[in-house]
Amino acid sequence: MNDVQEGLCFAGPAVVTVFVIGAGNEPLPPEAFRLAGLTPDEVRPFMLQDQPAEIASRGLMSYDLTFHDTSAALSAYTREVLRRLCADGRAVAWAAFEGSFHYDHLLTEDIAASVYGYCASGAEPVVAWDFATLRSAAWRQRIAEARETLRELLR
């Protein structure tokens with residue numbers, strides 16, 4: 001497996017998993033995810049439970065966006081969905097592989113290789129689509145910078 005697209009399809013359909021802090025605890029409607037010429041076959045929002053107080057005051061949502069067409073241009077789509085999640089106010093969003101989320105490890109170095117995109121309000125989204133990049137020191141540094149932006153949001 002060499003690229004993120006293959007990893008997103010490991011269980012059959014492609015599933016782009018995104019998280020956003022700062023956009024409240026109400027899910028966006030499925031129509032909000034029609035982006036980059038693509039429409040997910042399924043949009044599953046999750047309000048994550050047991051949110052720490054500093055996160056709960058801003059809101060935390062996760063979305064599983066499922067595509068049956070595993071050849072869809074999901075790199076461009078991921079970039080646009082991250083941009084959309086940060087469009088309505090101060091927020092930080094990221095795309096990561098299933099199983100990488102834990103409150104104690106939000107955008108930390110130990111999960112950086114599982115994060116394949118991030119965005120903060122007012123900035124351009126960043127997406128990496130190959131595993132060599134995700135395992136690199138440069139990527140860990142970029143994720144550390146995203147974590148610092150998240151810390152500033154939560155202050």
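Keep in mind that what you see is a predicted model, and the values were worked out from it rather than measured.
- The shortest heavy-atom contact between F67 and L38 is CE2-CB, 4.0 Å.
- A 6.0 Å sphere centred on CD of E148 holds more than 12 heavy atoms belonging to other residues, nucleotides or ligands.
- Here CG of L60 is found 10.0 Å from CD of Q49. Values are rounded to the nearest 0.5 Å.
- Of all non-hydrogen atoms in A120 and T149, the two that sit nearest each other are CB-CG2, 3.6 Å.
- The backbone N or O of T70 lies less than 3.5 Å from a partner atom in the side chain of Q5, making a donor-acceptor pair.
- Judged by distance alone, with hydrogens and angles left aside, the side-chain atoms of D64 form no donor-acceptor pair with the main-chain N or O of P45 at under 3.5 Å.
- In this structure, CG in L65 is found 9.0 Å from CG in L35, a value given to the nearest 0.5 Å.
- Smallest separation of non-hydrogen atoms from N25 and M61: O-SD, 3.5 Å.
- One distance of note links CD of E109 with CD of Q141; it measures 9.0 Å at 0.5 Å rounding.
- Under the 3.5 Å distance criterion, the side-chain polar atoms of S121 are matched with a main-chain donor or acceptor of G89.
- Residues L107 and V92 approach most closely at CD1-CG1, 4.3 Å, considering heavy atoms.
- Proximity of a side-chain donor or acceptor of Y63 to a complementary backbone N or O of L28 within less than 3.5 Å is detected.
- Between the CG atom in L74 and the CG atom in L8 there is a gap of 6.5 Å [rounded to 0.5 Å].
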Test salt bridge (charged side-chain N to carboxylate O under 4.0 Å, His left out) applied to E54 and R155, step by step: CA-CA 8 Å; E54 68 273 10; R155 287 186 187 136; over 6 Å; no
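- Put simply, the side chain of V4 does not reach to within 4.5 Å of the side chain of V127, judged on heavy atoms.
- Of the possible polar contacts, one joining the Y77 side chain to the F33 backbone as a donor-acceptor pair under 3.5 Å is found.
- Here the closest non-hydrogen pair linking A91 and V20 is CB-CG2, 4.0 Å.
- Partner D110 forms a side-chain hydrogen bond (donor to acceptor under 3.5 Å, both in side chains) with one of H102, H105, R140 and no other, that one being H105.
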Intermediate values then yes/no, side-chain contact (heavy atoms from CB on, under 4.5 Å), I143 and W94: CA-CA 10 Å; I143 297 303; W94 64 98; over 6 Å; no
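- Salt-bridge formation is detected for the pair R83/E80: a Lys NZ or Arg NE/NH1/NH2 atom is positioned less than 4.0 Å from an Asp or Glu carboxylate oxygen.
- Residues Y116 and L134 have side chains in contact (heavy-atom distance under 4.5 Å, counting atoms from C-beta outward).
- Heavy-atom neighbours of D50 CG from other residues, nucleotides or ligands within 6.0 Å: at or below the threshold of 12.
- Checked by atom type and distance alone, the side chain of W139 pairs as donor or acceptor with a backbone atom of V115 at under 3.5 Å.
- Using modelled atom types, one side-chain atom of R58 and one backbone atom of L153 make a donor-acceptor pair closer than 3.5 Å.
- Panel note: side chain E42, backbone P40; no donor-acceptor pair is recorded below 3.5 Å.
- In this structure, T39 OG1 and D69 CG are separated by 12.0 Å, a value rounded to the nearest 0.5 Å.
- The number of heavy-atom neighbours closer than 6.0 Å to CD of E31, taken from other residues, nucleotides and ligands shown, is above 12.
- Considering only heavy atoms from C-beta on, Y118 comes within 4.5 Å of R142 through its side chain.
- Taking both residues in full, the closest heavy atoms of S114 and S100 are given as CB-CB, 3.7 Å, listed atom of the first, atom of the second, then distance.
- No donor-acceptor distance shorter than 3.5 angstrom exists from the side chain of R79 to the backbone of V126, with no hydrogens or angles considered.
- Linking Ile, Leu, Val, Met, Phe, Trp and Tyr whenever their side-chain heavy atoms come within less than 4.5 Å leaves V15 and F19 in two separate clusters.
- Residues L48 and F101 meet the side-chain proximity criterion, which asks for heavy atoms closer than 4.5 Å.
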